[in-house]
Amino acid sequence: MSDLLYDDPLHDAVCAALVASGQARQALEALAVFLPRYRSLCASLSRRALAHDLFEDRDRYDLETLLDRVDREIRAGERIEVHADEHCVSGGWLQTVLTPDARKLQDTAAPVRRLLNALEQVHALRRSEHVTARLREADM
């Protein structure tokens, strides 16, 4: 069978993660400006992304750590707006909006989130292959 016809979900997930890592590099550099305390972590992740060396558990942990901080900063930029409407039965409604800085941070972090999601997919597929192999060995 030709390699072109062979469907390999792990290969596809690794390719998607490599594409995402390229897109995330600029975002990581921008996040270092937003979060000066995380500058060294952003630089380290950016170097690993450039080297296509982001497939270990520590890489997912580092991305989760960074994005946790990003999420806290975004939540700090949430504001509640009151919209009064005389035609609304309740008199109006509340809407949560982001400050411009929080919105920019959210948009900047989006490629890093996609990278984390792609790496989690690779991890799940690697784990599933390991479990499948173990189950097949037990059946023999």
Side-chain angles (χ1 to χ4, degrees):
M1 183 184 302
S2 169
D3 286 341
L4 295 175
L5 299 176
Y6 181 68
D7 184 31
D8 183 357
L10 181 57
H11 178 267
D12 295 344
V14 168
C15 286
L18 291 174
V19 169
S21 72
Q23 296 168 347
R25 283 191 56 243
Q26 274 187 319
L28 287 163
E29 291 168 12
L31 287 176
V33 174
F34 276 106
L35 306 168
R37 285 185 157 168
Y38 288 79
R39 184 171 286 134
S40 64
L41 179 59
C42 290
S44 173
L45 284 165
S46 182
R47 280 192 304 275
R48 287 184 260 165
L50 180 62
H52 304 300
D53 187 25
L54 282 171
F55 294 97
E56 301 302 322
D57 289 339
R58 75 179 169 102
D59 303 310
R60 288 193 338 274
Y61 175 80
D62 287 348
L63 287 167
E64 288 168 351
T65 299
L66 177 62
L67 289 172
D68 180 58
R69 182 62 193 169
V70 166
D71 290 341
R72 282 187 270 148
E73 291 293 323
I74 291 170
R75 280 192 304 274
E78 289 179 347
R79 301 293 178 256
I80 305 294
E81 290 184 351
V82 177
H83 293 273
D85 184 349
E86 64 188 46
H87 302 290
C88 182
V89 173
S90 63
W93 65 90
L94 300 177
Q95 181 177 9
T96 303
V97 296
L98 295 176
T99 62
D101 286 344
R103 172 71 62 202
K104 187 173 181 183
L105 181 57
Q106 183 180 50
D107 293 344
T108 300
V112 178
R113 286 186 203 288
R114 286 192 294 272
L115 173 59
L116 178 58
N117 290 338
L119 292 175
E120 288 173 342
Q121 180 70 24
V122 169
H123 176 73
L125 287 167
R126 287 174 65 189
R127 185 79 185 131
S128 71
E129 286 191 358
H130 176 75
V131 170
T132 301
R134 195 175 64 218
L135 291 172
R136 286 190 175 134
E137 285 178 8
D139 288 342
M140 295 185 155

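Computed from a predicted model, the values in this text were never measured in an experiment. Side chains included, hydrogens not; waters and symmetry mates left out as well; all remaining heavy atoms used.
Taking hydrophobic clusters as Ile, Leu, Val, Met, Phe, Trp and Tyr residues chained together by side-chain heavy-atom distances below 4.5 Å, L54 shares a cluster with L10. Neither V19 nor V112 shares a network with the other; the hydrophobic side chains, linked directly or stepwise wherever heavy atoms of I, L, V, M, F, W or Y lie under 4.5 Å apart, form separate groups for each.
Scored by the side chain to side chain donor-acceptor pair (under 3.5 Å) test, D8 finds no partners at all (sequence neighbours excluded). D68 is linked by a side chain to side chain donor-acceptor pair (under 3.5 Å) to R72, counting only residues two or more places apart in sequence or in another chain. Here H130 pairs with R127, R134 under the side-chain contact (heavy atoms from CB on, under 4.5 Å) rule; sequence neighbours left out.
The CD atom of E73 sits 5.5 Å away from the CG atom of L35 when rounded to the nearest 0.5 Å. Considering CZ of R39 and CG of L41, their distance stands at 12.5 Å, rounded to 0.5 Å. Here OG1 of T108 is found 4.5 Å from CZ of F34. Values are rounded to the nearest 0.5 Å. Atom CG of L63 and atom CD of E120 lie 9.0 Å apart (nearest 0.5 Å). Here L94 contributes atom CG and H83 contributes atom NE2; the two are 8.5 Å apart, rounded to the nearest 0.5 Å. Note that CZ of F55 is 4.5 Å distant from CG of L18, once rounded to the nearest 0.5 Å.
For the pair R60 and E64, the salt-bridge criterion is not met [side-chain N within less than 4.0 Å of a carboxylate O]. Using a 4.0 Å cut-off between a side-chain N of Lys or Arg and a carboxylate O of Asp or Glu, R47 and D53 do not qualify as a salt bridge. Ion pairing between K104 and D101 fails under the 4.0 Å rule for side-chain N and carboxylate O.
Using a distance-only test at 3.5 Å, with no hydrogens or angles considered, no donor-acceptor pair links the side chain of R113 to the main chain of Q106.
With a 4.5 Å cut-off on side-chain heavy atoms, E78 and L98 count as touching. For the pair P111/Q26, no side-chain contact is recorded, criterion being any heavy-atom separation below 4.5 Å from C-beta on.
For R48 and S44, the side-chain atoms include at least one donor-acceptor pair closer than 3.5 Å.
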